[in-house]
Amino acid sequence: MANEKQYPMTAEGKRKLEEELVKLETETRKEIVERIKIARDFGDLSENAEYDSAKEEQAFLEGRISTLKSMIRNAVIISEDETDNSVVSLGKTVTFVEIINGKPSTDEESYTIVGSAEADPMEFRISNESPIAKGLLGRAEGEEVVVQTPGGEMKVKILSIK
C-alpha cells in the first residue's frame with residue numbers, strides 16, 4: 001500500500017464518510033443480499049433480469065465500500081483553525097467577486113475549500129482540486145487573481161477569508 005492517495009478533509013467530512021460506510025455495510029448490503037435471494041427463487045438465472053440487476057448493484061456497492069474505506073484510512077484531517085485567516089487554505093471560506101472589464105462585479109461568491117472527498121458545489125463546498133480553488137489557494141485578502149477555468153480565464157478579487 002505504498003503511496004496511497006491522501007484525502008484531505010474536515011473532521012465533519014470524515015465523520016459523514018464513516019456514517020455512510022456503516023449504513024452501506026449494515027443496511028444496504030443486507031437489502032441487496034435479500035434482493036439476490038428473492039431473484040434466485042424466480043428460477044433460471046441466465047434470463048433473470050432481477051438477479052442481474054441485483055448483482056450489478058451489489059458490485060457497485062462493494063466498490064463504494066472499498067472506496068470509502070480507503071478514503072477514511074487515508075484521511076488527512078485539515079485544521080479549521082479560526083486564528084489564521086491571512087491566506088486561502090483548506091477548510092477556509094473565501095468570498096470574492098469577479099473582475100469584468102477591469103471593474104469588480106457586484107455579485108459576491110463564497111465557497112469553502114475542502115478535500116475532494118467532501119466537495120459539494122450545491123452546498124458551496126468546492127474541492128481543493130477544482131480550478132477555482134487551485135487559483136485561490138495560498139492567496140491573501142485583497143489580492144486579484146487570474147483563475148484558469150474550463151471556460152477560460154477568470155479574474156477575481158478576494159474580499160474575505162474566514
Side-chain angles (χ1 to χ4, degrees), residues 1-82 84-85 87-96 98 107-139 147-154 156 160-162:
M1 299 216 196
N3 296 338
E4 281 195 72
K5 180 179 178 180
Q6 293 188 331
Y7 296 92
M9 64 184 75
T10 61
E12 174 70 10
K14 183 178 180 187
R15 184 190 61 74
K16 286 181 180 178
L17 292 179
E18 290 168 338
E19 288 174 358
E20 180 183 354
L21 178 61
V22 167
K23 182 176 186 210
L24 293 178
E25 288 182 323
T26 58
E27 297 173 27
T28 310
R29 190 181 263 163
K30 286 178 185 175
E31 291 168 5
I32 293 174
V33 167
E34 184 61 27
R35 283 187 48 221
I36 290 170
K37 181 179 176 230
I38 291 169
R40 276 190 181 139
D41 293 341
F42 291 151
D44 184 9
L45 297 181
S46 65
E47 295 180 17
N48 188 327
E50 290 84 3
Y51 179 78
D52 291 341
S53 173
K55 289 298 280 184
E56 285 176 17
E57 191 174 342
Q58 182 183 42
F60 179 81
L61 171 71
E62 294 305 324
R64 179 65 179 157
I65 287 172
S66 177
T67 298
L68 287 172
K69 285 180 175 181
S70 176
M71 292 170 88
I72 292 166
R73 181 178 57 249
N74 296 300
V76 176
I77 304 302
I78 55 177
S79 171
E80 296 182 62
D81 183 359
E82 294 294 327
D84 183 17
N85 292 332
V87 296
V88 178
S89 61
L90 281 166
K92 298 295 181 191
T93 299
V94 59
T95 301
F96 60 88
E98 187 172 357
D107 296 326
E108 293 183 4
E109 296 183 50
S110 293
Y111 296 99
T112 301
I113 300 178
V114 296
S116 60
E118 60 183 313
D120 183 355
M122 299 303 288
E123 295 291 325
F124 304 99
R125 298 170 66 84
I126 60 172
S127 166
N128 61 313
E129 298 172 6
S130 71
I132 291 175
K134 284 181 179 178
L136 296 174
L137 285 167
R139 302 304 188 118
V147 177
Q148 298 295 330
T149 69
E153 288 186 348
M154 177 173 85
V156 301
S160 68
I161 304 166
K162 297 178 183 171

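A salt bridge links E118 to R125: one of the charged nitrogens lies within less than 4.0 Å of a carboxylate oxygen. In this structure, E12 pairs ionically with R15, as a charged nitrogen and a carboxylate oxygen lie closer than 4.0 Å. Under a 4.0 Å N-O distance rule, the pair E129/K5 qualifies as a salt bridge.
Exactly one of E62, E25, E18 qualifies for a salt bridge (Lys or Arg N to Asp or Glu O under 4.0 Å) with K69. That residue is E25.
Annotation: the span from Q58 atom CD to E31 atom CD amounts to 13.0 Å, rounded to 0.5 Å. Residue Y7 holds its OH atom at 10.0 Å from CG of L68, rounded to the nearest 0.5 Å. Here the OH atom belonging to Y51 is positioned 11.5 Å from the CD atom belonging to E56, to the nearest 0.5 angstrom. To the nearest 0.5 Å, atom CZ of residue F60 and atom CG of residue L24 are 9.0 Å apart. Interatomic distance, M9 CE to K16 NZ, rounded to the nearest 0.5 Å: 12.0 Å. Distance check, rounded to the nearest 0.5 Å: CD of E20 to CD1 of I65 gives 9.5 Å.
Judged purely by atom type and a 3.5 angstrom limit, S130 has no side-chain atom pairing as donor or acceptor with the backbone of I126.
Between I38 and E50 there is no side-chain heavy-atom pair separated by less than 4.5 Å. Between M154 and I132 there is a side-chain heavy-atom pair separated by less than 4.5 Å. L61 is listed as a side-chain neighbour of T28, based on a closest heavy-atom distance under 4.5 Å. Proximity of P8 to N128: side-chain heavy atoms (C-beta onward) are separated by under 4.5 Å at one or more points. No side-chain heavy atom of E109 sits less than 4.5 Å from a side-chain heavy atom of T95. Residues K55 and I32 are not in side-chain contact: their nearest non-hydrogen atoms beyond the backbone lie 4.5 Å or more apart. The shortest distance between side-chain heavy atoms of T93 and Y111 does not fall below 4.5 Å. Side-chain contact between V156 and V147: present, with at least one pair of heavy atoms (C-beta onward) separated by less than 4.5 Å.
Using modelled atom types, one finds no donor on one side chain facing an acceptor on the other under 3.5 Å when comparing S116 with S127.
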Subject >> Verdict with reasoning, V94 to I113, per side chain to side chain contact (heavy atoms under 4.5 Å, CB included) >> reply: CA-CA 8 Å; V94 59; I113 300 178; 4.2 Å; yes

**OP:** Take T10 and I77, measure what side chain to side chain contact (heavy atoms under 4.5 Å, CB included) needs, and give me the verdict at the end.
**Re:** CA-CA 5 Å; T10 61; I77 304 302; over 6 Å; no

